[in-house]
Amino acid sequence: MNLAPPRTGRDGEVPPSRSPPRAAPRAAPASFLLWQPRTLRAGPNRRGAGEGRGWRAMPWSSRATLLRDLVVCVLGTAAFLLDLGADLWAAVQYALDGRYLWAALVLALLGLASVALQLFSWLWLRADPAGLHGSQPPRRCLALLHLLQLGYLYRCVQELRQGLLVWQQEEPSEFDLAYADFLSLDISMLRLFETFLETAPQLTLVLAIMLQSGRAEYYQWFGICTSFLGISWALLDYHRALRTCLPSKPLLGLGSSVIYFLWNLLLLWPRVLAVALFSALFPSYVALHFLGLWLVLLLWVWLQGTDFMPDPSSEWLYRVTVATILYFSWFNVAEGHTLGRATIHFTFLLIDSILLVVTWMTHSSWLPSGIPLQLWLPVGYGCFFLGLALRLVYYRWLHPSCCWKPNPDQVDGARSLLSPEGHQLPQNRRMTQLAQNFFPKAKDEAASTVKGEVNGVL
């Protein structure tokens, strides 16, 4: 599907040809677009949205899907709040035990990630076309919510509210589904940023504290479990969101979901473990290690010429975030054959992780013996090789190829988000651009059905 909009300028004004917004509920739940049957997504709008609340137009299976997606929406928000509560609980416990430095580090990571998340949310809201989101609080109220670090939760509440409204509709309209897709993609992207800016560093910090102290408290195990839950959810939800941007919108099956989830998690765990082992031995040098690698990765991202944010100044926020993600895992930011870039990044992280582990092995006698440290390395090795094998399996047989047709009116980034059709369907150009980077481009429509062709994407 190619919904490239006409040029409207950076102010994002809606073209005058757009029909006036409906008074009825406009959007389906964000997760609805990630799970719903394709027949319901692409079906025509036989009756206006909200014209009745009958239960006969929509099959029970589709309505059950809507109900399930409402539950998934609630669980996603609950997972975020649970991880936030676990971090605050750990900070309080560290302060009560007199470990003020540990408490300060937990709060610092939490605060920096929250500020970055609110900045992304606010900048995207400002760049969206006027009137796209219908009735919402005034801009000053939205700015205050983001200043109070509540912008992301506001988006989650808006998603849940729209989901409840559309669940009462007889049949969601085409515009409702497109707008729900728009909201869903933004929330998935924000959740991924939060994962690598806060959850992954917090997990590394907790593991380093456990290794350094030689014991594990119950609230630390609780934090580890919530961290893995948050990381798992964000990675899978982000990939499912990217799938909704594909022109053919192929369904993400259960097997593909499991394989993608496992290889990401299995390759992320050894990296986190390696950094945690080094942090436990040399806590004063881990900041220098991170800063050195982060500067190199930031330079690499800049050289690839990213164009994701609404303006050049805010683009640096995106580059800083991507460099942090690359410290832990692979993230594609540029179009073209990515085999070379992915191989360079993978080799770079592998060598760095090996050096960190070798340093730990030569100085492991410095650490307490309360935790069976010798079992950690075999587990890390097993996770790494299994994750690498699953990654190759996914990109060999399960990664789709797509036919991305160029459009002369296409505007880069998210600066124009409405299609030129008469009904003006919203399109999330931010995530569509990332999907074009992530999924290979087939030479023709027939190639999009060949799963074996990955065009150099690793």
Side-chain angles (χ1 to χ4, degrees), residues 1-5 30-36 38 41-42 120 124 127-128 177-193 195 234-253 256-257 260-261 264 301 304-310 318 321-322 325 329-339 341-342 394-395 398-407 410-419 425-443 445 447-451 453-458:
M1 180 175 62
N2 190 1
L3 299 178
S31 57
F32 172 63
L33 275 297
L34 304 181
W35 297 81
Q36 65 179 308
R38 295 175 63 185
R41 265 188 90 172
F120 276 114
W124 292 351
D128 291 344
L177 299 181
Y179 179 67
D181 199 350
F182 185 93
L183 295 176
S184 170
L185 296 176
D186 272 355
I187 293 178
S188 297
M189 192 66 187
L190 291 173
R191 185 179 292 118
L192 182 75
F193 287 164
T195 295
L235 290 174
L236 183 58
D237 183 61
Y238 172 72
H239 187 63
R240 297 183 72 93
L242 286 181
R243 286 288 187 113
T244 66
C245 298
L246 301 185
S248 56
K249 292 183 175 60
L251 295 177
L252 182 63
S256 300
S257 301
Y260 183 85
F261 158 72
N264 274 282
V301 173
Q304 295 183 59
T306 61
D307 187 17
F308 179 78
M309 298 295 288
Y318 173 70
T321 303
V322 170
I325 296 176
S329 180
W330 166 248
F331 189 82
N332 193 17
V333 297
E335 294 187 54
H337 299 284
T338 59
L339 177 60
R341 294 193 300 268
Y394 174 84
Y395 280 111
L398 302 176
H399 197 56
S401 297
C402 306
C403 184
W404 299 96
K405 297 180 180 180
N407 192 305
Q410 184 174 354
V411 181
D412 292 336
R415 295 166 188 163
S416 185
L417 302 166
L418 299 177
S419 66
L425 294 178
Q427 181 196 23
N428 195 312
R429 296 288 308 283
R430 293 180 280 265
M431 289 289 287
T432 301
Q433 182 185 15
L434 292 179
Q436 291 176 350
N437 297 337
F438 186 81
F439 294 104
K441 297 173 179 59
K443 296 181 179 180
E445 287 288 346
S448 64
T449 60
V450 180
K451 295 183 178 179
E453 296 183 4
V454 297
N455 294 336
V457 177
L458 179 61

* Between Gln433 and Asp307, is there a donor-acceptor pair closer than 3.5 Å when you use the side chain of the first and the backbone of the second? -> yes
* Asked: Can you name the closest pair of heavy atoms from Thr195 and Ala234 and give their distance?
  -> OG1-CB, 2.8 Å
* Structure fact -> Nearest heavy-atom contact between Ser329 and Asn264 is OG-OD1, 4.5 Å
Would you check if [X] and [Y] make a side-chain contact, meaning some heavy-atom pair closer than 4.5 Å?
{"X": "Leu235", "Y": "Leu192", "answer": "yes"}
{"X": "Leu434", "Y": "Tyr238", "answer": "yes"}
{"X": "Phe182", "Y": "Asp128", "answer": "yes"}
{"X": "Thr306", "Y": "Val322", "answer": "no"}
{"X": "Gln304", "Y": "Arg341", "answer": "yes"}
{"X": "Arg430", "Y": "Tyr318", "answer": "no"}

* How would you list, by chain and number, every residue that makes a ring pair (Phe, Tyr, Trp, His ring centres under 6.0 Å) with Phe261, sequence neighbours excluded? -> none
* Any residue meeting ring pair (Phe, Tyr, Trp, His ring centres under 6.0 Å) with Phe120, in chain and number order, not counting sequence neighbours -> Trp124, Phe193
* So, are Arg191 and Asp186 salt-bridged, with charged N and O less than 4.0 Å apart? -> no
* **Set of side-chain hydrogen bond (donor to acceptor under 3.5 Å, both in side chains) partners for Thr321, sequence neighbours left out** => none
* **Atom pair OG (Ser184) and CE (Met189), whose distance is rounded to the nearest 0.5 Å** => 13.0 Å
* Atom pair CG/CG of Leu185 and Leu190 - distance to nearest 0.5 Å -> 11.0 Å
